[in-house]
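Below is the structure I would like to discuss, written out as structure tokens.
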Amino acid sequence: MHVLIRAVVTAVALAVATWLVPGIHLGPGSTLAKIVTLLVVAVIFGLVNAIIKPIVKTIGCLFYVLTLGLIGLVVNGLLLWLTSWVAGKLSLPFHITGFWAAFWGAIIVGVVGWLLGVLIPDREDEPSA
């Protein structure tokens with residue numbers, strides 16, 4: 001259940017990013033088609049983050065230290081851009097036009113995801129009776 005909630009939160013964050021960032025495009029279609037596309041892209045983004053991000057963090061550990069973690073913003077933007085590429089290969093109508101759109105989109109996805117995570121209580125965090 002936690003994974004499903006996380007995917008929905010990420011999909012909502014991606015929807016906000018498509019609305020705010022001019023370079024992030026969600027293709028035409030019905031509202032249901034757009035929701036399904038955002039959910040699938042959210043799952044792809046989660047998989048990309050789960051598989052590639054730890055490898056990048058391990059290899060680029062020195063850059064994280066030297067930049068006080070700011071390189072993480074660039075890495076997140078690149079991972080979102082990679083997600084757009086994978087979505088394109090799967091013929092999903094989700095596209096990011098360039099690095100800066102991906103960079104700002106990743107920041108928005110991170111902030112909105114964090115805000116929604118704060119607002120939606122996690123069952124594991126609730127005290128047991």
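Note that this is a predicted model, so its numbers are computed, not measured.
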When you group the ILVMFWY residues by side-chain heavy-atom contacts below 4.5 Å and let the links chain together, are L20 and L80 in the same group? yes

On a heavy-atom basis, the closest approach of G23 and A101 is CA-CB, 3.6 Å

Connected via hydrophobic side-chain network under 4.5 Å: V75 and L62: no

In short, G77 meets A102 closest at the heavy-atom pair O-CB, 3.3 Å

Residues that A7 engages under side-chain contact (heavy atoms from CB on, under 4.5 Å), provided they are two or more places apart: V43

Positive for side-chain contact (heavy atoms from CB on, under 4.5 Å) with K34, one of L26, L39, T18: L26

Supply the atom-to-atom distance F63 CZ to I71 CD1, rounded to the nearest 0.5 angstrom. 7.0 Å

Straight-line distance of L79 CG to K53 NZ, nearest 0.5 Å: 6.5 Å

ILVMFWY cluster, V9 and V3 together (side-chain gap under 4.5 Å): no

Relative to each other, are the rings of F103 and W100 parallel, tilted or perpendicular (30° and 60° limits)? perpendicular

Same cluster (ILVMFWY, side-chain, under 4.5 Å), L32 and W19: yes

Within a strict 4.5 Å, meaning less than it, do heavy atoms of the V21 and I24 side chains meet? yes

Under the side-chain contact (heavy atoms from CB on, under 4.5 Å) rule, what do F94 and V40 come out as? Steps first, then yes or no, please. CA-CA 10 Å; F94 179 82; V40 173; over 6 Å; no

Can you find a heavy atom in the side chain of L47 that is under 4.5 Å from one in the side chain of V86? no

Nearest 0.5 angstrom please: Y64 OH to T58 OG1, how far? 9.5 Å

Spacing of T10 atom OG1 and I5 atom CD1 [to the nearest 0.5 Å]: 11.5 Å

Work out which heavy atom in A13 is nearest to a heavy atom in G113; give both atom names and the distance. CB-N, 4.0 Å

Gap between atom CD1 of I120 and atom CG of L115 - 0.5 Å precision: 11.0 Å

Side-chain contact test, heavy atoms from C-beta onward, threshold under 4.5 Å: evaluate it for I96 versus W85 and give yes or no. no

Compare every heavy atom of A42 with every heavy atom of A11, then report the nearest pair and how far apart it is. N-CB, 3.6 Å

Residue pair L92 / I44, side-chain heavy-atom distance below 4.5 Å: yes

Does I51 share a hydrophobic cluster with F45, counting links as ILVMFWY side-chain heavy atoms below 4.5 Å and allowing steps through other members? yes

